[in-house]
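Because only heavy atoms are used, hydrogens play no part in the values below, and waters and symmetry mates are left out as well, while side chains stay in. If you're wondering where the values come from, they're calculated on a predicted model, not measured in any experiment.
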Amino acid sequence: MPRIAYFGPSGTFTEMALAELEAAGAFDGPVERIAAPSQGAALELIRSGEVEGAVVPVESSVDGSIAPTLDALATGTRLQIVAETELDVAFTILARPGVTIADVRTIAAYPVALAQVRLWLADRMPQAQSYTSASNAAAAEDVVRGHADAAVSTTLAGARLGLETLATGVADYDHAVTRFVLVTRPCPAPPPTGADRTSLVVLDLPKQPGALMRALDEFATRGVDLTFIESRPTRTGMGTYRFHLDCVGHIEDTAVAEALKALHRTAGQIRFLGSWPAGSPSGTPPPPDEPSAVWLADLKKGVADL
């Protein structure tokens, strides 16, 4: 039975995402779930060999990318994303038995969760001061320990800890979605499906005028659609950044492969994070290679009419 880490403790949306991947057959059977206190800690368990993989959140449709996950993927030995899943996210307000919404003066919340319910809290619980917790499930545990009167959490965490639900379906924005990825040690990418995502990090862009524009142009000139671009500080000095890029397509697609090769030649150190089936395909697929390949083959054969 493979050991798979997840951003815990038990009761987080990440554990729910792991269950979704299990149900979808990502592991060819049941797994042993190993809770980790942070995204980085979950990924370090792979690097140390203690687990075969890890599930971590990578992007929220409301609050954008999950910076701790991006940073943990860009540093340390290379890991690879092999699958993803998306969850509709709405939160549950939990409290100890007998506590009402009017009683709540302090509320614990994971920062990403707080960003998605801030307006709801201001309207329904204006008297409550928010405090940061390590995760959605950890917020519920903070209530059990008496550190806060209520928590922005999940129904799963409430059931596990015996807390009462003060409100469900809490969200400032309808149809909020969070994307989670399954990460393993480096391996061959899953076969292309025609609806894939490829991710990489430009770790060391040359410090030259137009260097970023030239890097992005390697994709544009080949018709490869970039769907995600984000800079993250390297923490080695002011003004030094690494760039995370996602594009439509698979490393087996000729246009994507050519863009990656060109980027490797011109843009410094590149870290390939994987190609895998996209949960919600978006953007324009890369152009097919077959017509050009046939045309070139005919040229080489000396075909007269072209």
Side-chain angles (χ1 to χ4, degrees), residues 24 26 58-59 61 64-65 69-70 73-74 78-86 177 179-232 241-303 305-306:
V58 71
E59 185 179 13
S61 65
S65 61
T69 299
L70 297 189
L73 286 169
R78 186 175 78 87
L79 299 174
Q80 190 164 327
I81 300 170
V82 297
E84 69 176 46
T85 190
E86 296 177 353
V177 174
R179 184 163 61 92
F180 301 82
V181 291
L182 170 60
V183 184
T184 68
R185 286 181 284 277
C187 62
T193 65
D196 303 292
R197 188 191 313 274
T198 292
S199 183
L200 65 137
V201 189
V202 181
L203 295 171
D204 185 24
L205 197 66
K207 295 175 176 59
Q208 301 168 354
L212 178 59
M213 184 191 71
R214 286 192 294 272
L216 301 182
D217 197 47
E218 301 292 4
F219 295 89
T221 57
R222 293 169 174 85
V224 178
D225 192 358
L226 286 171
T227 57
F228 178 84
I229 306 169
E230 179 149 341
S231 62
R232 292 290 303 154
Y241 297 91
R242 59 177 68 98
F243 297 88
H244 291 257
L245 307 176
D246 285 3
C247 70
V248 179
H250 193 280
I251 193 172
E252 295 291 345
D253 294 327
T254 299
V256 174
E258 288 178 349
L260 294 182
K261 287 190 293 183
L263 202 62
H264 184 264
R265 287 193 298 269
T266 61
Q269 188 179 358
I270 308 301
R271 171 166 288 190
F272 174 66
L273 293 181
S275 293
W276 65 93
S280 293
S282 62
T284 303
D289 182 54
E290 288 76 10
S292 297
V294 170
W295 176 79
L296 185 61
D298 285 343
L299 285 181
K300 292 178 178 179
K301 294 174 186 174
V303 175
D305 244 349
L306 291 176

Any chance you could measure Phe219, atom CZ, to Glu258, atom CD, to the nearest 0.5 Å? 12.0 Å

Please list, chain by chain and in numerical order, all residues satisfying salt bridge (charged side-chain N to carboxylate O under 4.0 Å, His left out) with Arg185, sequence neighbours excluded. none

Measure the spacing between CG of Asp204 and CD of Gln269 and express it to the nearest 0.5 Å. 6.5 Å

Roughly how far, to the nearest 0.5 Å, is CG of Asp246 from CD1 of Ile229? 9.5 Å

Please round to the nearest 0.5 Å and tell me the distance separating atom CG of Leu212 and atom CZ of Phe243. 5.0 Å

Does the side chain of Thr227 come within less than 4.5 Å of Arg197's, by heavy atoms? yes

In terms of heavy-atom contacts, Val202 and Ala267 come closest through CG1-O, 3.6 Å

Heavy-atom check, side chain of Leu273 versus side chain of Val201, under 4.5 Å: yes

Donor-acceptor contact below 3.5 Å, side chain Arg179 vs main chain Ser280: no

Name all residues meeting the side chain to side chain donor-acceptor pair (under 3.5 Å) criterion together with Thr221; count only those two or more places apart in sequence or in a different chain, and write none if there are none. none

Stepwise side-chain contact (heavy atoms from CB on, under 4.5 Å) test for Leu216 and Leu245: CA-CA 9 Å; Leu216 301 182; Leu245 307 176; 4.0 Å; yes

Could you tell me which non-hydrogen atom of Pro277 sits nearest to which non-hydrogen atom of Thr193, and how far apart they are? CG-CG2, 3.9 Å

As an exercise, state the distance from CG of Leu70 to NE2 of His244, rounded to the nearest 0.5 Å. 4.5 Å

Under the criterion side-chain contact (heavy atoms from CB on, under 4.5 Å), which of Pro286, Ser275, Cys247, Pro287 is the partner of Asp253? Pro286

Distance from His264 atom NE2 to Lys261 atom NZ, nearest 0.5 Å? 12.0 Å

Let me see the working for Arg214 and Gln208 under side-chain contact (heavy atoms from CB on, under 4.5 Å), right down to the final yes or no. CA-CA 10 Å; Arg214 286 192 294 272; Gln208 301 168 354; 3.3 Å; yes

Judged by modelled atom types alone, do Gln80 and Arg78 share a side-chain donor-acceptor pair under 3.5 Å? yes

Whether the side chain of Asp196 engages the backbone of Gly194 through a donor-acceptor N/O pair (distance < 3.5 Å, no angle test) should be reported. yes

Indicate yes or no for a side-chain donor-acceptor contact from Glu84 to the backbone of Gly279 under 3.5 Å, with no hydrogens or angles considered. yes

Ignoring hydrogens and angles, tell me if any N or O in the side chain of His250 forms a donor-acceptor pair with the backbone of Pro190 under 3.5 Å. yes

If you compare all heavy atoms of Leu79 against all heavy atoms of Pro186, which two are closest, and at what distance to 0.1 Å? CA-CD, 4.4 Å

Determine, stepwise, if the pair Phe272 / Thr198 fulfils side-chain contact (heavy atoms from CB on, under 4.5 Å). CA-CA 8 Å; Phe272 174 66; Thr198 292; 3.9 Å; yes

How far apart are the C-alpha atoms of Ile270 and Leu260, what are their side-chain angles, what is the distance that settles it, and do they pass the side-chain contact (heavy atoms from CB on, under 4.5 Å) test? CA-CA 9 Å; Ile270 308 301; Leu260 294 182; 5.6 Å; no

Asp225 and Gly283 have their tightest heavy-atom pair at OD2-CA, 3.2 Å

